[in-house]
Amino acid sequence: MSLVLPEHIGFIMDGNGRWATSRGLSRSEGHIAGANTFREICEYGCDLGIKSMTFYAFSTENWKRPPAEVAALMNIFRDYLLEAQERKAENARKGMHMHYMGERDGMPQDILDLFDTAEIESAHQTRTTVNIAVNYGGRAEILHSVKDIAKRVQQGELKPEDITEDMISAGLYTAGQPEPDIIIRPSGEQRISNFMIWQSAYSEFWYTDKLWPDFTTEDLDKVIEDYSKRNRRFGGV
Ligand code: IPE
Ligand code: IPE
Ligand code: MG
């Protein structure tokens with residue numbers, strides 16, 4: 001069987017809390033384990049030459065969690081970004097471009113600064129774009145795009161009847177990237193949880209009961225194998 005490599009894979013990194021609880025660990029320890037899985041899968045995806053990968057790390061709804069858990073997650077993002085600075089040369093060799101994907105409002109400024117630095121420094125590395133979805137919500141993202149379009153209409157640059165779907169897509173954080181071909185959700189949940197709701201109109205879905213910290217490179221191989229067998233019709237025959 002010939003393998004078809006998805007151009008864009010979305011990962012809903014779910015199940016860290018249950019992974020930890022089942023081991024008698026704190027939820028924060030589950031997030032540390034989940035971050036390690038992210039590192040491994042991200043590197044593997046870069047090695048495979050996937051064009052875009054989007055990792056859902058923190059949703060606009062995740063602020064509802066206890067402050068200590070939110071703080072632990074922010075520390076994990078900070079540590080990862082500081083470590084990425086040290087691994088700059090290696091990431092450059094892999095051709096990895098890092099891209100922050102989410103609302104800036106509400107995020108600690110130092111984390112945004114670290115993301116901005118990583119993004120600017122890796123801008124010329126175009127083999128694999130790694131979108132890290134933090135403080136991300138699909139509805140908020142669409143709202144942004146629509147507000148930008150509304151401003152253009154208000155300024156008389158654009159007529160309402162000339163607004164196109166492509167204009168909405170161009171105002172999303174994934175502008176210029178292919179839409180996700182397949183979205184992976186571990187942990188037994190089968191829902192989208194506000195992840196790339198515009199871009200996923202024709203995405204394939206792949207579910208597993210495994211929890212995210214247990215997800216392996218072999219699982220990603222299996223995803224690609226299964227994807228290769230899917231028959232995408234996009235409404236055609
Ligand atoms: C996913 O794991 C990580 C985030 C949402 C930040 P969870 O923390 O949601 O893990 P479960 O779903 O409680 O097991
Ligand atoms: C989705 O997981 C968000 C991330 C993985 C970052 P959640 O655990 O927040 O989703 P729900 O609450 O189960 O829908
Ligand atoms: Mg969850």
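Numbering of ligands and ligand atoms starts at 1, following listing order. In what follows, every heavy atom counts, from backbone to side chain, and hydrogens, waters and symmetry copies are set aside.
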Intermediate values then yes/no, side-chain contact (heavy atoms from CB on, under 4.5 Å), Glu204 and Asp181: CA-CA 6 Å; Glu204 299 291 318; Asp181 295 303; over 6 Å; no
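Scanning all heavy atoms of the two residues, the minimum distance from Tyr100 to Asn135 falls at OH-CB, 3.9 Å. Closest approach of Glu141 and Thr174 over heavy atoms only: OE2-N, 4.0 Å. The minimum heavy-atom distance between Met196 and Pro180, with the atom names listed, is CE-CG, 3.7 Å.
Residues Leu211 and Met13 fall into different hydrophobic clusters, defined by Ile, Leu, Val, Met, Phe, Trp and Tyr side chains chained together at heavy-atom separations under 4.5 Å. Criterion: ILVMFWY side-chain heavy atoms under 4.5 Å apart, direct or through other members. Under it, Phe55 and Phe205 are not part of a common hydrophobic cluster. Under a hydrophobic-cluster definition in which Ile, Leu, Val, Met, Phe, Trp and Tyr are linked whenever side-chain heavy atoms come within less than 4.5 Å, directly or via other members, Tyr56 and Ile184 are assigned to different clusters. Ile197 and Ile183 fall within the same hydrophobic cluster, where Ile, Leu, Val, Met, Phe, Trp and Tyr residues are linked whenever their side-chain heavy atoms come under 4.5 Å apart, directly or through other members.
Within the structure, ligand 2 has Arg185 among the residues with a heavy atom less than 4.0 angstrom away. No heavy atom of Gly30 sits closer than 4.0 Å to any atom of ligand 1. The closest approach between a heavy atom of Glu189 and any atom of ligand 1 is not below 4.0 Å. At least one heavy atom of Gly15 sits closer than 4.0 Å to an atom of ligand 1.
The protein heavy-atom contact nearest to atom 1 (C) of ligand 1 is Met13 O, 2.9 Å. If you check which protein heavy atom lies closest to atom 13 (O) of ligand 2, you get Arg191 NH2, 2.7 Å. Of the protein's non-hydrogen atoms, Gly17 N, 2.9 Å is the one closest to atom 10 (O) of ligand 1. Protein heavy atom closest to atom 14 (O) of ligand 2, with residue, atom name and distance, is Ser193 OG, 2.6 Å. At the top of the distance list for atom 3 (C) of ligand 2, counting protein heavy atoms only, stands Tyr56 CE2, 3.7 Å. Nearest protein heavy-atom neighbour of atom 8 (O) of ligand 1: Arg65 NH1, 2.6 Å. Scanning all protein heavy atoms for the shortest distance to atom 6 (C) of ligand 1 gives Ala57 O, 3.2 Å.
Rounding to the nearest 0.5 Å gives a distance of 8.0 Å between CG of Asn16 and CD1 of Ile76.
For the Mg ion (ligand 3), the nearest N, O or S atom contributed by Asp14 is named OD1.
Within ligand 1, counting atoms from 1 as listed, the ones closer than 4.0 Å to a heavy atom of Arg18 are 11 (P), 12 (O), 14 (O). Contact atoms of ligand 1 toward Asn62: 5 (C), 6 (C) (distance under 4.0 Å to a heavy atom of the residue).
Ion pairing of Glu189 with Arg18 is present here, as a side-chain N (NZ or NE/NH1/NH2) and a carboxylate O approach within less than 4.0 Å.
Looking at Arg27 next to ligand 1, an N or O pair under 3.5 Å apart turns up.
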